[in-house]
J.: 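Take a look at the following structure, please.
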Amino acid sequence: MIRDARVLRAGFVPREVEHRDAEVNHLSTVLEPITNGDPANTAIVTGPSGTGKTCISQFVTERLREEVIDVEATYVNCWRNYTRFRTLYQILDDLGKTIDIHRQSTPHDELIDRLQQYDGPRTVIILDEVDQLEDPGVIYDLHSLPQFAIICIANKEEELFSRVDDRLVSRLRSSEHVRMDKYHDEQLYDILHARVRWGLDEDAISDEQLYRIADAAAGDARLAIGMLRTAASKADRENHERITDDILLSSADDARAQIQQKSLDTLTPHQQVVFDIVRDHGPLSPSEIHDRYTENVDDPRTKRTVRTYLSKMAQYNLLDAEGTSRDREYTVIDHAALSSPE
DNA sequence: ACTCCACTGGAAATATAGGTCC
DNA sequence: GGACCTATATTTCCAGTGGAGT
């Protein structure tokens with residue numbers, strides 16, 4: 001039933017990108033100068049989740065590397081490497097320049113020096129989920145280095161700008177913006193159809209079922225492909241010839257749960273206790289949360305630290321914060337509820 | 001309209017974990 | 001071993017905000 005599992009995996013970059021010609025061309029044009037060894041402008045790619053931001057960024061850089069020999073590319077997910085140090089370290093690591101700095105006691109100035117002195121081929125650096133960065137100063141560090149072309153990927157442009165300092169804002173204003181919108185149902189169908197053609201058996205899934213996935217995903221291609229993947233692997237496990245409606249139904253929730261689980265996995269044990277409390281006991285004020293948390297854990301952190309946990313989880317879209325002052329209450333965001341048709 | 005106080009989030013101080021170097 | 005680095009996590013301190021209660 002599954003012919004090629006790779007095409008359904010999360011990070012897969014297809015050979016052809018559907019319905020994003022304008023955006024692909026725009027981004028290609030921005031990077032164009034580095035084919036002549038000239039510095040390229042910084043690109044900012046924004047749009048809701050699952051609109052193909054990461055996909056087209058990697059697609060464009062891969063195509064660039066096919067055309068030009070002397071170009072490298074590196075991809076950093078700022079969500080997992082959220083500090084300045086880790087981001088810079090990850091980049092150097094990809095460039096193979098960390099051989100003698102596997103030591104922990106390296107100041108981050110040293111890392112910047114390394115990057116400045118980098119004399120290898122021109123390199124495209126993709127900074128994904130850049131709005132999750134704790135200190136957006138990294139963008140500033142990299143922005144000024146001519147041998148690197150930067151692609152910044154973020155959900156909302158305003159949120160990105162509100163967190164960086166004024167000097168950087170004015171610099172970023174002159175950079176190229178590529179804005180992406182949610183896919184329509186037919187476009188999602190085309191994307192799914194292409195993946196099915198490459199990855200699944202001929203009759204594994206019907207057109208009507210693909211449209212149902214497209215509808216349930218509400219314009220989010222990552223979610224849609226996730227649903228297709230969970231459905232296909234479940235059908236495969238249970239030795240079905242094709243994906244049944246029952247399997248399809250359950251895979252929608254499974255796929256959502258998987259995406260939330262990914263965020264949950266990055267939380268520390270203390271943070272998970274806090275999340276569980278909010279999930280199990282409905283809307284709670286910060287002090288109620290802290291009281292319960294203190295009872296549930298051996299070595300409790302301070303209120304201030306728990307507050308930092310809460311705002312971090314709100315940023316990750318795990319929690320929702322209502323109210324600005326004394327009326328502040330936290331609730332979990334129910335991802336399944338997003339599925340109801342608008 | 002006025003005061004109170006829980007809550008927010010920035011900044012600085014401190015603690016911790018892990019490394020290098022001699 | 002000990003002296004001395006570092007990044008990162010947490011705590012301490014605090015000015016500012018705005019809802020709730022009078």
J.: What does A/R86 touch in the nucleic acid at a heavy-atom separation under 4.0 angstrom: a base, only the sugar-phosphate, or nothing?
T.: sugar-phosphate

J.: Tell me which nucleotide among C/dA20, C/dT10, B/dT8 gets nearest to the side chain of A/Y309.
T.: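 Of C/dA20, C/dT10, B/dT8, C/dT10 is nearest to the side chain of A/Y309.
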
J.: Within 45° of the axis and under 6.0 Å from the centre of the six-membered ring of A/W198, does NZ or CZ of A/R15 qualify?
T.: yes

J.: Once hydrogens and angles are ignored, does a donor-acceptor distance under 3.5 Å link the base of B/dC5 to the side chain of A/R326?
T.: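 Side chain to base: pair found, below 3.5 Å.
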
J.: Whole angstroms only, please: what is the NZ-P distance between A/K303 and B/dT8?
T.: 9 Å

J.: So what does A/T83 touch, heavy atoms closer than 4.0 Å: a base, only the sugar-phosphate, or nothing?
T.: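 Touches sugar-phosphate only.
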
J.: Tell me whether A/R279 is salt-bridged to A/D276, with the criterion being a basic N under 4.0 Å from an acidic carboxylate O.
T.: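 A salt bridge is present here (some side-chain N lies under 4.0 Å from a carboxylate O).
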
J.: Using whole Å, what does the distance between atom C1' of nucleotide C/dA9 and atom CG of A/D135 come to?
T.: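 It works out to 16 Å between those atoms.
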
J.: Let me know the distance between CG of A/D327 and P of C/dG18, rounded to the nearest Å.
T.: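 That distance rounds to 11 Å.
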
J.: Roughly how many Å is it from CZ in A/R328 to P in C/dT17, rounded to a whole number?
T.: 15 Å

J.: What does A/S287 touch in the nucleic acid at a heavy-atom separation under 4.0 angstrom: a base, only the sugar-phosphate, or nothing?
T.: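 Sugar-phosphate, backbone atoms only, no base.
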
J.: Starting from C1' on B/dT14, measure out to CZ on A/R301 and report it in whole angstrom.
T.: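 One finds 14 Å between C1' of B/dT14 and CZ of A/R301, rounded.
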
J.: Return yes when atom CD of A/Q261 has more than 12 non-hydrogen atoms of other residues, nucleotides or ligands closer than 6.0 Å, and no otherwise.
T.: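 Yes, CD of A/Q261 has more than 12 neighbouring heavy atoms, counting only those of other groups under 6.0 Å.
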
J.: Quick check: does any side chain N or O of A/Q209 sit under 3.5 Å from a backbone N or O of A/I243, one acting as donor and the other as acceptor?
T.: yes

J.: Round to the nearest Å and state the distance from A/E134 atom CD to C/dA7 atom C1'.
T.: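 Spelled out: CD on A/E134 to C1' on C/dA7 is 11 Å.
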
J.: Using the rule given for side chain to side chain contact (heavy atoms under 4.5 Å, CB included), can you reason through A/V45 versus A/C152, listing the C-alpha separation, both sets of side-chain angles and the distance that settles it, and then say yes or no?
T.: CA-CA 6 Å; A/V45 184; A/C152 290; over 6 Å; no

J.: Let's test your reading of the model: under 3.5 Å, does the base of B/dG10 pair with the side chain of A/R304 as donor and acceptor?
T.: yes

J.: So does A/Y330 get a side-chain nitrogen or oxygen closer than 4.0 Å to the phosphate oxygens (OP1/OP2) of B/dT8?
T.: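 So the side-chain polar atoms of A/Y330 do come within 4.0 Å of the phosphate oxygens OP1 or OP2 of B/dT8, strictly under.
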
J.: When you check the phosphate oxygens OP1 and OP2 of C/dT8, does a side-chain N or O of A/Y82 lie under 4.0 Å from one of them?
T.: no

J.: Return the nearest nucleotide to the side chain of A/T305; candidates are C/dT11, B/dC7, B/dG9.
T.: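 Side chain of A/T305 sits closest to C/dT11.
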
J.: To the nearest angstrom, how far is A/L92 atom CG from C/dA7 atom C1'?
T.: 16 Å

J.: If the cut-off is 4.0 Å, is A/T302 near the phosphate of C/dT11, judged by side-chain N/O to OP1 or OP2?
T.: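 Indeed, a polar side-chain atom of A/T302 lies that close.
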
J.: Would you classify A/S285 as touching base, sugar-phosphate or nothing, given that sugar-phosphate means primed atoms plus P, OP1 and OP2, and contacts are heavy atoms under 4.0 Å?
T.: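 Touches sugar-phosphate only.
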
J.: If the cut-off is 4.0 Å, is A/S325 near the phosphate of B/dT8, judged by side-chain N/O to OP1 or OP2?
T.: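 False: A/S325 side-chain N/O out of range (4.0 Å or more) of B/dT8 OP1/OP2.
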
J.: In this structure, how many angstroms lie between the C1' atom of C/dA9 and the NZ atom of A/K312, rounded?
T.: 10 Å

